[in-house]
Amino acid sequence: MSLMGNTADLDEAVENFLAAPRDLLCAEPENLRIGPTHRNWARRLADGDREARLQVAAALRLCHAVTVAP
C-alpha cells in the first residue's frame with residue numbers, strides 16, 4: 001500500500017507505483033526472500049529501472065483483471 005497509496009482506483013495505484021521514490025522501492029522488499037533467478041531483476045526494480053516498474057505495473061493490472069474485476 002505504501003507504494004501505491006490508499007486508493008480504490010487501479011489506474012491511480014499503478015501511477016503512484018510508477019512514480020514511487022527509489023528509497024521506498026528499496027525498503028518495501030527488504031524482508032522478502034528473492035531467489036537467485038530473480039535477484040538481477042529485483043535489483044533493477046530497486047534501482048528504479050523503468051522497464052522493471054512497467055513489468056510490475058502490467059502484472060498488477062493482469063492480477064486485478066483476473067481476481068478483482070470479475
Say you draw a straight line from CZ of R44 to CG of L25; how long is it, rounded to the nearest 0.5 Å?
13.0 Å
Below 4.5 Å, heavy atoms only, C-beta onward: do V14 and M4 meet side chain to side chain?
no
Not counting sequence neighbours, which residues clear side chain to side chain donor-acceptor pair (under 3.5 Å) with R22? List them please.
D47
Should L24 and L60 be regarded as members of a common hydrophobic cluster, given that ILVMFWY residues are connected when their side-chain heavy atoms come within less than 4.5 Å of each other, either directly or indirectly?
yes
Note, E15 side chain near L18 side chain (heavy atom, < 4.5 Å)
yes
What pair of heavy atoms forms the shortest contact from A46 to C26, and how long is it?
O-SG, 3.4 Å
Which atom pair, heavy atoms only, marks the closest approach of A65 to P70?
O-CD, 3.2 Å
Which side chain to side chain donor-acceptor pair (under 3.5 Å) pairs, counting each pair once, include a residue from residues 32-42, with sequence neighbours left out?
W41-Q55
